[in-house]
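Presented below is the structure to which this report refers.
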Amino acid sequence: MSRAVAEINLSAIKSNLDLIKSKTKSQILAVVKANAYGHGLIPVAKAAVESGADWLGTALLEEAIELRKSGISTPIIAWLTPLGEDFRSALEMNIDLSISSLEVLEEIVLASNQMNKVPRLHIEIDTGMSRGGVRDDWERLFIQVGELVKSNKINLVGIWTHFARADEPEEQMNSTQLSQLYDRVSASEKIGIKPEFIHIANSAAALTNKQSHQSIVRWGIGLYGLSPDINSLGSSKTLNLQPVMKLKAKLNLVKQVEAGATVGYGATAVTTKDTKLGVVAMGYADGIPRNANSNAGVFVAGKRAAIIGRVSMDQFVVDLGIDSLAKTGDEVIVFGDGSAGEYTTDEWAKACGSINYEIVTRIGPRVPRIYTYERT
Ligand SMILES: *Cc1c(COP(=O)(O)O)cnc(C)c1O
């Protein structure tokens, strides 16, 4: 094994897709943005398509283009579309685009006029995130879209929005957002632009709010076997999700130190008794959070060993304990599904004030991904 590797279990991708398919009749869009949440764009996308995903979704158009270049012909939506993007490639490659403004609509239509292609568009509505999506000037956008649809200049494929608080299923805001989406859809129908697809649900909504499923469910974190929110929805295990990524590394060095040894930059940690330390060959350059504390660590030689001292760029140190049998060169599990006793991404997230999404997504390009097919 190299000094660090992320094992990506593609059988777990299938299992997590099967799970959501068993819970809904809607089409499933596998969200593969950000290098498939750090798991590797193309292998994950191919596994998702083979396992029956109806759509793929990316944030960036570049990501969608990469998918097409790898030979994937499944419908794809790219939903982050600033002005000046490569819309010609999107049109050539049959990539659906989301629009939130007249400006972007005009630019896409201009590109399509030059190419004699009809763009496939989804209007994003801002129903409370105040992020992407059209808000106050939705009527002007709808009127313009209506005219372009009538003259066959565009194909309005979908209308969609995004939940702000789907991981808090009891929140009133969820139904407010859903009903605002309904309002916009009926307004669009009044001006004769009936979209084929309505979509709003992310993983949390897909798991907790059947009414939100509509025509497409956008299955993101759940595809990777992680819980959208362990406090409100429970862990991967309670949700029957299988974590896809297992992060492993090597112990560069094992050494014995006396009580009172200072560890790492700033000498922020001091050993309280004689112990063995393990130096793990990963650091914040690889996506190990610098502010992780001793509530995270690694699993080695049959036990957990907690972080001691600050995480550095390429290394961090764990306290193995004086009786540890770990040796220089041993393999450690940084995180996994927890079944062997290893830390989970949820524990890592807690140890640095983040969420499991960020833990997996930030595992960097220096860490090779290895694809496995382990059935559990
Ligand atoms: C990332 C994203 C999702 C997926 O969210 P999860 O919580 O990971 O399921 C869905 N829709 C949009 C627009 C997104 O950006």
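Whatever order the structure lists ligands and atoms in, that order sets their numbers, starting from 1.
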Extract all N/O-N/O pairs under 3.5 Å that connect ligand 1 to the protein, and present each with both atom names and the distance rounded to 0.1 Å.
from	atom 1	to	atom 2	distance (Å)
ligand 1	7 (O)	Tyr357	OH	2.6
ligand 1	8 (O)	Tyr37	OH	2.6
ligand 1	8 (O)	Ile221	N	2.7
ligand 1	9 (O)	Ser203	N	2.8
ligand 1	9 (O)	Ser203	OG	2.5
ligand 1	9 (O)	Gly220	N	3.1
ligand 1	9 (O)	Ile221	N	3.4
ligand 1	11 (N)	Arg218	NE	2.8
ligand 1	11 (N)	Arg218	NH2	3.4
ligand 1	15 (O)	Lys33	NZ	2.6
ligand 1	15 (O)	Trp79	NE1	3.2

Does [X] come within less than 4.0 Å of [Y], counting only side-chain N to carboxylate O?
{"X": "Lys246", "Y": "Glu374", "value": "no"}
{"X": "Lys14", "Y": "Asp18", "value": "yes"}
{"X": "Asp323", "Y": "Lys303", "value": "no"}

- Query: Between Trp348 and Phe335, what is the ring plane arrangement, given parallel below 30°, perpendicular above 60°, and tilted in between?
  - Reply: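 Trp348 vs Phe335 ring planes: perpendicular.
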- Decide whether Gln114 and Arg88 meet the rule of one side-chain donor and one side-chain acceptor closer than 3.5 Å. yes
- Hey, could you give me the CD/CD distance between Gln144 and Glu139, rounded to the nearest 0.5 Å?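 Answer rounded to 0.5 Å: 14.0 Å.
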